[in-house]
Amino acid sequence: MNLLFATNNGHKIEEVRRILGASWKIHGLKESGVHAELPETGNTLMANAIEKASFIHDRCQQDCFAEDSGLEVDALHGAPGVHTARYAGPHADAGANNQKLLLALQDTPNRVARFRAVIALWRQGQLHTFEGVIEGRIALEPAGIDGFGYDPLFIPEGYDHPFAALPAEVKSRISHRARAVQKMAQFLQQELAYGME
Ligand code: ITT
């Protein structure tokens with residue numbers, strides 16, 4: 001199945017391809033010739049996912065999905081949440097974001113956090129949403145080189161190392177993104193199965 005993924009984040013595309021396997025053809029915006037800044041003006045991940053998917057759906061007149069994700073830290077009352085990408089400033093890179101997070105938690109024994117992803121899918125004129133969550137905690141210092149964003153700091157529940165230091169296969173199976181994508185894939189597979197009856 002071919003799917004247009006309304007994102008400019010190459011790491012997300014790579015991960016979704018790994019999660020879904022070769023029978024799904026995931027096309028990012030740039031490789032589809034769509035050069036667009038995606039609007040993200042909402043106050044929730046859901047609102048932003050819908051805004052991004054709808055923006056590309058309107059513009060390209062074709063089925064597509066978008067994903068908005070964020071890190072929620074209990075000791076920071078759910079921050080950075082919807083501001084996760086820009087936690088240390090509008091053009092902050094992952095290193096600056098990670099440093100700011102470590103600083104914010106430096107005197108805090110409570111390291112509990114979770115990643116949440118919301119997918120909005122436009123399919124045959126209808127909007128569908130899917131959510132995935134992974135519980136975990138924030139490490140005391142960064143480790144590992146895989147992944148992106150906060151992966152050097154986020155230790156998923158049941159593991160002793162952050163995503164960036166775990167095999168990519170683990171993240172593809174249990175991450176917030178994996179859980180949301182698996183729900184979307186199940187929905188599309190069911191839809192295809194009904195369509196073939
Ligand atoms: P698009 O809007 O183009 O999809 P983006 O990077 O701006 O790309 P988001 O607005 O959803 O995406 O920002 C989510 C941020 O949350 C992302 O930039 C990372 O900093 C962080 N993040 C999300 N998922 C992550 C993951 O699996 N591992 C590490 N950090 C993650």
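Whatever order the structure lists them in is the order used to number ligands and atoms, beginning at 1.
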Rounded to the nearest 0.5 angstrom, the CD1-CG distance for Ile155 and Leu140 is 7.5 Å
Would you say Asn43 has more than 12 foreign heavy atoms packed within less than 6.0 Å of its CG? no
To the nearest 0.1 Å, how far is atom 30 (N) of ligand 1 from its closest protein heavy atom, and which atom is that? Tyr150 N, 3.1 Å
Donor-acceptor pair, distance only, cut-off 3.5 Å: does the side chain of Arg111 make one with the backbone of Ile138? yes
Note the single closest protein heavy atom to atom 3 (O) of ligand 1, along with its residue, its atom name and the distance in Å. Asn8 N, 2.9 Å
Please state which option from Ala178, Gly10, Ser69 has its nearest heavy atom closest to atom 14 (C) of ligand 1. Ser69
For atom 2 (O) of ligand 1, what's the nearest protein heavy atom and its distance? Lys52 NZ, 2.8 Å
Has Glu141 got more than 12 heavy atoms of other residues, nucleotides or ligands less than 6.0 Å from its CD? no
So, regarding Lys171 and ligand 1 (criterion: nitrogen or oxygen to nitrogen or oxygen, under 3.5 Å), is there a contact or not? yes
According to a hydrophobic-cluster definition based on side-chain heavy atoms being under 4.5 Å apart (Ile, Leu, Val, Met, Phe, Trp, Tyr only), do Ile13 and Val181 belong together? yes
Below 30° counts as parallel, above 60° as perpendicular, anything between as tilted: where do the rings of His176 and Phe115 land? parallel
For ligand 1, which part of Leu71 has a heavy atom less than 4.0 Å away: the side chain, the backbone, both, or neither? neither
For ligand 1, which atoms have a heavy atom of Leu38 less than 4.0 angstrom away? 3 (O)
If you measure every N or O of Thr84 against every N or O of ligand 1, does any of those distances drop under 3.5 Å? no
Between Lys183 and Glu131 (side chain of the first, backbone of the second, donor and acceptor by atom type, cut-off under 3.5 Å), is there such a pair? yes
Gap separating the CD1 atom of Ile119 from the CZ atom of Phe5, nearest 0.5 angstrom: 6.5 Å
Rounded to the nearest 0.5 Å, how far apart are CG of Asn98 and CG of Leu153? 4.0 Å
Return the residue, atom name and 0.1 Å-rounded distance of the protein heavy atom closest to atom 1 (P) of ligand 1. Thr7 OG1, 3.4 Å
Evaluate the ring planes of Phe148 and His11, with Trp represented by its six-membered ring, and classify them as parallel (under 30°), tilted (30 to 60°) or perpendicular (over 60°). parallel
Hey, does Asp151 come in under 3.5 Å of ligand 1, counting only N/O atoms on both sides? yes
Protein contact of atom 24 (N) of ligand 1 - nearest heavy atom, named by residue and atom, plus distance: Arg177 NH2, 2.9 Å
Among all protein heavy atoms in this structure, tell me which lies nearest to atom 18 (O) of ligand 1, with the distance rounded to 0.1 Å. Ala85 CB, 3.6 Å
Write out the residue and atom name of the closest protein heavy atom to atom 10 (O) of ligand 1, then the distance separating them to 0.1 Å. Glu40 OE1, 2.9 Å
So for Phe148 against ligand 1, with non-hydrogen atoms under 4.0 Å, the contacting part is both
Enumerate the atoms of ligand 1 whose separation from the nearest heavy atom of Asp68 is less than 4.0 angstrom. 9 (P), 10 (O), 11 (O)
So which heavy atom in the protein is nearest atom 9 (P) of ligand 1, and how far is it from that ligand atom? Lys12 NZ, 3.5 Å
